[in-house]
Amino acid sequence: MSRGVERLHRAVGDDELVRIQRHSLLGMAAVQQNITYKKELFAGTVVIVRSGILEVKGKVIRFCHEMRNAETDEIAAVAIQTGVFVDAQ
């Protein structure tokens, strides 16, 4: 599990899921990612990334990651990711 997704789970109080995934054969696989670029960023630009869970249905989870210019608060890019929990055996 990526550190960003792990931090998102912790932020929403899902430490138990993080613990289970680290110590079991349950894994997560990203199966789809759609990125929309809205504004150009330049080298040295400070960015803020905000993440959230859009929905959880059975073994499927959808996340949204939004990248913003820290100075102007303009959205630079949005990524919607779909992940599935899988048996890693």
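Heads up: numbering here begins at 1 and tracks the sequence. Model, not experiment: these values are computed from the prediction.
Applying the side chain to side chain contact (heavy atoms under 4.5 Å, CB included) rule to Asp73 yields the partners Arg50, Arg68; only residues at least two apart in sequence or on another chain are considered. Glu40 pairs by the side chain to side chain contact (heavy atoms under 4.5 Å, CB included) definition with Phe42, not counting sequence neighbours. Every side chain to side chain contact (heavy atoms under 4.5 Å, CB included) that Val78 has, sequence neighbours left out, goes to Lys38, Cys64, Glu66, Ile75, Ile80. Under the side chain to side chain donor-acceptor pair (under 3.5 Å) criterion, Glu71 pairs with no residue, sequence neighbours left out. Partners of Thr36 by side chain to side chain donor-acceptor pair (under 3.5 Å), not counting sequence neighbours: none found. Under the side chain to side chain contact (heavy atoms under 4.5 Å, CB included) criterion, Val84 pairs with Ala29, Val31, Val60, Val86, not counting sequence neighbours.
Here Gln33 contributes atom CD and Thr82 contributes atom OG1; the two are 9.5 Å apart, rounded to the nearest 0.5 Å. With values rounded to the nearest 0.5 angstrom, Leu41 atom CG is found 9.5 Å from Glu74 atom CD. A distance of 8.5 Å separates CG in Asn69 from CD1 in Ile48, rounded to the nearest 0.5 Å.
For residues 54-63, the set of pairs meeting the side-chain hydrogen bond (donor to acceptor under 3.5 Å, both in side chains) definition, not counting sequence neighbours, comprises Glu55-Arg62.
With a 4.5 Å cut-off on side-chain heavy atoms, Gln32 and Gln81 do not count as touching.
Applying the 4.5 Å side-chain rule to ILVMFWY residues, one finds Tyr37 in the same cluster as Ile35.
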